Student: 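Here it is: the structure, laid out below.
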Protein chains: 2
Amino acid sequence: MPAKIQPEHHNASSAGTMPGNRARNKLLREQQLLQLAQNILQQDGFAGLTMDRLTAASEVSKGTIYNHFCSKEDLITALSVDSLQRQLLLFHQVLALPGHSRERALALHYAYYRFSTAEPTLFLCLLSATTAAVVEKTSATRLAQRQALEQQLLSCCEQVINQAIADKALQLQAGRGIDQLTYLQWALAFGANALYGPSQQMGFFQGLEQQQLMLAGINLLLDGLDWTPLSGQFDYQQSWRRIAAALPQTQAAQ
Amino acid sequence: MPAKIQPEHHNASSAGTMPGNRARNKLLREQQLLQLAQNILQQDGFAGLTMDRLTAASEVSKGTIYNHFCSKEDLITALSVDSLQRQLLLFHQVLALPGHSRERALALHYAYYRFSTAEPTLFLCLLSATTAAVVEKTSATRLAQRQALEQQLLSCCEQVINQAIADKALQLQAGRGIDQLTYLQWALAFGANALYGPSQQMGFFQGLEQQQLMLAGINLLLDGLDWTPLSGQFDYQQSWRRIAAALPQTQAAQ
DNA sequence: TGATTATTATGACGATTCGTCAATTTAATC
DNA sequence: GATTAAATTGACGAATCGTCATAATAATCA
């Protein structure tokens with residue numbers, strides 16, 4: 001198959017001298033459409049999300065919707081981009097909190113956890129958006145958007161690790177890079193959230209109190225890295241609660 | 001929605017006194033159909049897997065196929081059951097190898113890793129099969145099959161932990177149960193494999209050598225649990241290689 | 001302002017795929 | 001060999017995706 005390129009559906013940025021009115025409206029409507037799509041998704045799940053249904057819910061026609069999203073998959077990716085933006089916002093919020101480097105790492109874990117539980121639907125969206133079937137039918141610009149956001153999220157993580165090294169709270173062993181540390185932590189966070197989280201994935205771990213467990217896992221990992229202060233010397237439960245309290249509370253995702 | 005129950009499509013086990021010929025044939029054909037479905041999946045991805053296509057590839061008609069799988073989603077779940085069986089087989093194989101308890105835990109991690117890389121398509125299947133959209137349209141018997149297999153996999157993990165406790169290689173801290181240890185390890189393994197693994201999920205961690213990294217992560221976690229011998233006192237790279245060599249080699253995924 | 005051109009919106013339509021079911025073939029039983 | 005039970009078939013209806021000729025709207029120019 002000769003890798004059919006998805007049409008671009010000229011977004012705001014392109015043709016230079018638009019009087020600006022059109023472009024603004026277009027962006028606005030795109031936001032509205034995404035919001036409608038999310039409502040449908042939360043109400044009736046993935047199976048319920050239909051282009052015709054979205055058309056009915058909106059005030060425009062199907063053709064117009066296809067002017068914004070070149071396929072249903074492109075819409076999914078657009079939702080995932082939206083999710084990543086929220087996630088990044090959370091990251092920035094918790095990074096603005098005071099605390100030493102390891103507390104900030106913990107804060108990122110908390111933000112990730114918070115997002116996955118507060119917005120289980122969007123978390124699922126992020127997963128599906130990485131599927132080959134979806135990627136293949138997504139426009140190049142949107143894929144680029146997602147990649148850029150992923151990069152920014154990673155930057156947040158690396159920034160914390162760099163701070164830890166600068167503060168001498170953490171020492172990199174030979175052959176172990178910042179990217180590896182990021183990877184391991186991300187894997188643990190992702191796995192823990194995905195396994196427990198939305199739509200009772202992997203139904204077998206249900207009775208456990210996830211927050212305590214995640215904190216324990218993070219502590220094991222970071223203690224293993226000798227990231228000071230170690231969990232024996234510091235009350236990270238307290239930190240966790242403080243971070244939780246500092247974030248604008250959501251209505252406890254069910 | 002009043003939770004529509006999926007029809008059962010009387011499998012082998014049901015009505016007692018069948019002359020056995022029919023039932024055997026039915027099971028056989030089911031295996032063949034699953035194999036065909038896997039071929040299609042590996043060749044053309046999820047988008048390519050169509051009931052009509054499967055019909056064409058097989059030598060029976062669509063109606064007959066729907067006699068085996070009450071929906072496309074039921075087929076997906078059937079594939080995931082198949083995957084879990086293979087995974088369980090791998091677990092049993094590595095558990096038959098010699099070694100102390102921590103090496104056996106490592107062996108399970110290796111088996112999981114091996115499966116996810118050798119059969120990326122099936123690994124994906126396992127993921128999608130946990131999706132609400134799929135579960136809702138899957139027959140009850142097949143769901144039960146999957147649950148039973150999951151339970152068996154968990155048993156393997158718990159068995160290793162129990163052995164470790166019996167051998168005094170590991171001591172459970174207060175308030176930390178075997179299920180929690182299993183959960184943490186599973187989360188790390190799942191996350192690491194899903195992030196890196198099939199269909200370049202989460203494309204941002206590409207350049208790393210996954211095996212070294214996984215081993216490092218596992219060691220951090222198990223060292224944190226004080227599971228002896230600690231990674232400083234034992235060459236787990238050696239163990240990893242030995243386990244890898246002991247498994248019947250697959251033709252390096254892709 | 002009125003005429004011309006470029007852009008955007010519309011929804012009927014073709015194509016694809018899922019799942020069903022009345023009719024038929026095949027196997028089991030008497 | 002006749003009768004009954006079970007399994008198979010493939011044409012069909014329904015749902016959904018994505019397209020495109022036509023219509024409406026906005027921008028530009030005389």
Side-chain angles (χ1 to χ4, degrees), chain A residues 4-12 14-30 32-33 37 40 44-77 133-134 136-139, chain B residues 4-12 14-30 32-33 37 40 44-77 133-134 136-139:
Chain A
K4 187 174 155 198
I5 299 268
Q6 295 301 322
E8 274 315 324
H9 286 249
H10 21 350
N11 255 344
S14 52
T17 52
M18 232 179 198
N21 208 352
R22 300 273 267 260
R24 241 192 313 281
N25 283 341
K26 191 158 192 177
L27 268 185
L28 243 166
R29 190 163 49 196
E30 188 151 320
Q32 292 169 354
L33 287 175
I40 295 176
D44 284 353
F46 261 90
L49 181 54
T50 293
M51 296 308 259
D52 288 301
R53 179 108 184 265
L54 180 57
T55 301
S58 79
E59 288 182 336
V60 294
S61 72
K62 205 185 332 186
T64 300
I65 288 184
Y66 273 90
N67 252 9
H68 287 274
F69 314 104
C70 70
S71 68
K72 188 184 176 180
E73 286 76 14
D74 198 46
L75 171 64
I76 302 279
T77 305
V134 174
E136 280 165 9
K137 292 190 164 186
T138 297
S139 76
Chain B
K4 189 175 155 198
I5 300 267
Q6 294 301 321
E8 274 316 325
H9 286 249
H10 20 3
N11 254 345
S14 52
T17 52
M18 233 181 195
N21 209 351
R22 301 274 265 263
R24 242 192 313 279
N25 283 341
K26 191 156 190 176
L27 267 184
L28 244 165
R29 188 161 54 196
E30 188 151 321
Q32 292 169 353
L33 287 175
I40 296 176
D44 284 354
F46 260 91
L49 182 54
T50 293
M51 296 309 258
D52 288 300
R53 178 108 183 264
L54 180 57
T55 301
S58 80
E59 288 182 335
V60 294
S61 72
K62 200 176 349 177
T64 300
I65 287 184
Y66 272 90
N67 253 7
H68 287 274
F69 313 105
C70 71
S71 68
K72 187 184 177 182
E73 285 77 13
D74 198 46
L75 171 64
I76 302 278
T77 304
V134 174
E136 279 166 8
K137 292 189 165 186
T138 297
S139 76

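If you're wondering where the values come from, they're calculated on a predicted model, not measured in any experiment. Numbers restart at 1 for each chain; the letters A, B, ... are given by sequence-line order, proteins then strands.
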Student: Could you tell me whether the side chain of A:R53 and the main chain of A:I40 form a donor-acceptor pair under 3.5 Å?
Tutor: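 The answer is no, because no donor-acceptor pair under 3.5 Å joins these two groups.
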
Student: Among all residues two or more places apart in sequence or in another chain, which pass the side-chain hydrogen bond (donor to acceptor under 3.5 Å, both in side chains) test with A:K62?
Tutor: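 With neighbours one apart ignored, the set is A:D52.
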
Student: Please give, in whole Å, the distance from D:dT16 P to A:Y66 OH?
Tutor: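 A:Y66 atom OH is separated from D:dT16 atom P by 12 Å.
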
Student: Which heavy atom in A:E30 sits nearest to a heavy atom in A:H68, and how many Å separate them?
Tutor: OE1-ND1, 3.1 Å

Student: In this structure, how many angstroms lie between the P atom of C:dT17 and the CZ atom of B:R53, rounded?
Tutor: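 Whole-Å distance recorded here is 10 Å.
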
Student: Atom CG of A:L75 to atom P of D:dT16: distance rounded to whole Å?
Tutor: 15 Å

Student: Which heavy atom in A:S58 sits nearest to a heavy atom in A:L33, and how many Å separate them?
Tutor: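 Closest heavy-atom pair between A:S58 and A:L33: CB-CD2, 3.7 Å.
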
Student: Could you tell me how far apart A:F46 (CZ) and D:dA15 (P) are, to the nearest whole angstrom?
Tutor: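 Distance check: A:F46 CZ to D:dA15 P gives 22 Å.
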
Student: What is the distance from NZ of A:K72 to P of C:dT16, rounded to the nearest Å?
Tutor: 18 Å

Student: From CG of A:D52 over to P of D:dG18, roughly how many Å is that when rounded to an integer?
Tutor: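 It is 11 Å, rounded to the nearest whole Å.
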
Student: Counting only N and O atoms by type, is there a donor-acceptor contact under 3.5 Å from the side chain of A:T55 to the main-chain atoms of A:S61?
Tutor: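 It does not hold such a pair.
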
Student: Which whole-number value in Å describes the distance from B:I76 CD1 to C:dC18 P?
Tutor: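 Taking atom P of C:dC18 as the reference, CD1 of B:I76 is at 10 Å.
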
Student: Expressed as a whole number of angstroms, how long is the span from B:L33:CG to D:dT8:C1'?
Tutor: 13 Å

Student: For A:T138, give me all partners under side chain to side chain contact (heavy atoms under 4.5 Å, CB included), at least two apart in sequence or on another chain.
Tutor: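 In terms of side chain to side chain contact (heavy atoms under 4.5 Å, CB included), with neighbours along the sequence ignored, A:T138 is linked to A:E73, A:D74, A:T77, A:V134, A:R142, A:L143.
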
Student: With heavy atoms under 4.0 Å as the rule, sort B:S71 into base, sugar-phosphate or nothing.
Tutor: sugar-phosphate

Student: Taking N or O atoms only and anything under 3.5 Å, show me the protein contacts with nucleotides 9-12 of chain C, one pair per line.
Tutor:
from	atom 1	to	atom 2	distance (Å)
C:dA9	OP1	A:R29	NH1	3.0
C:dA9	OP1	A:R29	NH2	2.3
C:dT10	OP2	A:S61	N	2.7
C:dT10	OP2	A:S61	OG	3.0
C:dT10	OP2	A:T64	OG1	2.9
C:dT10	O5'	A:S61	OG	3.3

